[in-house]
Amino acid sequence: MRGGGLLPVAGLLGVLAAGQWLLPAYHHANLVRIMVLALYATGYNIAFGYTGLLSLGHALFFAAGLYGASFAATLAGLPPGAALAAGTAAGGLAAAAVGVLALRTAGVAFMIVTLMFAQAGWLAILALGPWTRGDEGIVLPDAARALAGFDLSDDAVRYPLALALFAAGLLACLWLVRSRAGRVMVAMRENEERARMLGYDPFRVKLAALAISGTYAGAAGAAYALMFGYAGASLASVQYSILPLLWVLVGGAGTVAGPFVGCLLMFYLIDYASSLTSATLLLVGLALLVLVLFAPRGILGTLREKGVRWLP
Amino acid sequence: MLLALMEGLVSAAVLALTAVGLSLTFGVMRVVNVAHGEFFMLGAVLAWFVTQAFPGAPALGFALALVVCPLCVAAIAVLADLLVLKRLAYEPAPTIVATIGLLYVLQQAALSLFGPDARPVAPPFDFRVQLPWFGYSGYKLCVILAALALLGLVWALLSRTRIGLVMRATRIDREMARAFAINVDLVYAGVFGLGAGLAAVAAVLIVPIRQAHYLMGADPLLLSFIVVIIGGLGSLRGTLAAALLIGLMDGLLSTALFLPPTVARIAATLLVALVLVFRPQGLLGKAAA
Amino acid sequence: MAALTLLEARGLVCHFGGLRAVDGVDIDLAPDEVHALIGPNGAGKSTLVGLLAGRIAAQAGSIRLGGRDITRLPAHRRVRQGIAYTFQITQIFARLSVFDNMALAVQGGAARPGGRPALKREVAGALDRVGLADRAGEVAGTLSYGHQRLLEIALGLALRPRLLILDEPTQGLAAAEIAAFKRLVAGLPPRTAVLLIEHNMEVVMELAQRITVLNFGQVLASGPPAAIRADAAVQAAYLGG
């Protein structure tokens, strides 16, 4: 298997931990959001980067976590910890349910089937206006966001919490991809027919990978709802299926830290471009084109190919 | 009911054109072109500019737009292909990133130059056709006919000419085509341009009915993908059938089954998913595509 | 009887549209034999082994492995039951290391070693048997063609199968490599039976204890090499005199 990887990952997490005290308020707040979204991207990478499942339906799993946690907190009155768990489970279950049907297809058909399920979910959120309030969204009351006496709307509280979630997700991902199961996932990506003739059931392996990936998305969605106090239909739209794909591709598919790098870069790219010009997307688009020409395997993927072998 | 059918036919006709364009790039080049919807949008927006240049003569302006816009869009597409996609060797993952980048650039360009508002384009002529049951816009009928004519042209191009043969050969085996002295780079650039041009023609045709707007590309992109996959890759008849199905489905589900529109759309969306799950090769495609 | 027959297929049928690729084939394999499958191109050899391995579903007929009916078992379950299959066109994980390729095979087979040291030992042993022991760290796709073919066979062997199916294994190999291949295969029984599709008659005659000849999806003849060589029908259809 590829080198250790634990050291660079620990280093990244250490730097992020130091950020709690060192970062100026603006970037401190930004990183909370980036870490939650990077958790989402890390999960996407397990399905896409390692197992080769190009899903366009992850917004559904993200939304399952988002609304699962929101409803658990508001309608059922659960404490945030339980709401987070409920949202995480909702993401995993949604992914498993979609997987049972969608994994009968492969390639582009799989893309479209997952996309269709996610679109149906998004439309359902719009149709259930009385409960979800559609595009306008639900605002979670502060009472639902107090975790053991800590206020989740306070950056000093949610930064370490976001870091803890992201760290757990990143380390679990590292462990997974270095395990026997991770190797089998890669085998499915590389050559499914060969893997089948070595005794592995493609359907089971891919379903497990998708469910794990959906669990990550659910956890990220739930954390998003609880930390930012908002759940709206726009977070379930197709854009939120394409974003994790973009982050993973930019950072490097099939690298452990790539999704975080991609997420960080895209966030600050948009941030920086909008400070320069009102034509933000023009700059972002051009930057993507340049990036992809010079680093077609994503940043970490290309670096690793160029010989920086220790990158996780 | 019949009116819903006619509206559905108009949507289906335009969708079929857009989807055939996508099917070409997708089928021949194996490229997932996320920016295809933006080529559509660009066609509509350019049509507005062209017709604005001839305020007195809507018919002349429109006729000009019908020729100029697709050519401009095709030129942009060819440029994008040569400058970016070719250098990526059309590998799937980088190509997706690149076309997302292209999407951002085109969308922002339209927003900056055209503005955030939806703008109408006057139809080139305005008369009503009196059908036995009700009157109907003559222009919409012409859209259907024009789309059918263009589809016929594409079909003839693909199956009756040397260009079509070269394209099919490239599609089946890129390396083999190269060995037979086919300039694959040229074929790819041409196909990418043709695909974009078809989307632009479709947009010009529809823009007098629906207004031009810089965000109008998203729906055609999603719907074309669905149509291409449901219809089966490389099957022109399948694409046409799927476009009809998708174009008519929304309207029919809500009028025939008395479902509220959103529920009808949910049902239609799930139906598409289930068709693919149980017939992954598409409705008319051959197995093991 | 069970001890004498490892695999027993009866009345296998597989039609593609109008093409009768396999049309009512019976075949028996002993647990300790090398059995060759020969026949002209398009006779249905690859389809037949595809049916046995479970890559293609049989439209009629039955397959029993060690007395147990496996006709409806999916391919990956058959692998766990002890049927290993190597592809005619080399199918390895080209972007993974040779070690990772082998580890996947070792852990996919019926007998699974526990722990990392045991896995390493097992992989090293399997690579040693095909003479690739010093290549474990290399990326599989960078190996020479001959070595890739060997890796393909090693993957099958690492599954510790009861039956190893080889689809044209010597195609494209150099003479020296073919000699090494013959030694390797000859050493497999009695632990592993071999079903071999092969066009190189020299290899067939040297290795096989029994030969089955297919033609137009049906068994033309079956028996020991000497009998097959003398069979008039086979000569007419295949050996061509």
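Neither the backbone nor the side chain of Leu111(B) comes within less than 4.5 Å of any heavy atom of chain A. With a 4.5 angstrom heavy-atom cutoff, Leu56(A) does not touch chain B via any of its atoms. In this structure, chain B has a heavy atom under 4.5 Å from the side chain of Ile242(A), while its backbone stays farther away. For Leu291(A), no part lies near chain B; criterion is any non-hydrogen pair under 4.5 Å. For chain A, no part of Val263(B) is nearby; none of its heavy atoms comes within less than 4.5 Å.
Residue-environment remark: OH (Tyr268(A)) exceeds the threshold of 12 foreign heavy atoms within 6.0 Å. The environment of CZ in Arg119(B) is crowded: more than 12 heavy-atom neighbours from other residues, nucleotides or ligands sit within 6.0 Å.
Partner of Tyr104(B) under the side chain to side chain contact (heavy atoms under 4.5 Å, CB included) criterion, out of Leu281(A), Leu282(A), Leu289(A): Leu281(A) alone. Each of Leu288(A), Leu286(A), Leu283(A) was scored for a side chain to side chain contact (heavy atoms under 4.5 Å, CB included) with Val105(B), with one residue passing: Leu286(A). Each of Thr95(B), Leu85(B), Ile100(B), Val97(B) was compared with Val292(A) under the side chain to side chain contact (heavy atoms under 4.5 Å, CB included) criterion, and only Val97(B) meets it.
The side-chain heavy atoms of Leu54(A) and Ile96(B), taken from C-beta on, include a pair separated by under 4.5 Å.
Pro94(B) and Pro296(A) make their closest contact through CG-O, 3.3 Å (heavy atoms, listed as atom of the first residue, atom of the second, distance). Among all heavy-atom pairs drawn from Val277(B) and Thr105(A), the shortest one is CA-CG2, 3.8 Å. The shortest heavy-atom contact between Ile266(B) and Ala127(A) is CD1-CB, 4.3 Å.
Atoms CD and CD1, from Gln119(A) and Ile226(B) in turn, are 7.5 Å apart once rounded to the nearest 0.5 Å. Of the inter-residue distances, the one linking Ile229(B) atom CD1 with Met111(A) atom CE reads 7.5 Å to the nearest 0.5 angstrom. Interatomic distance, CG of Leu270(B) versus CE of Met116(A), reported as 9.5 Å (0.5 Å rounding).
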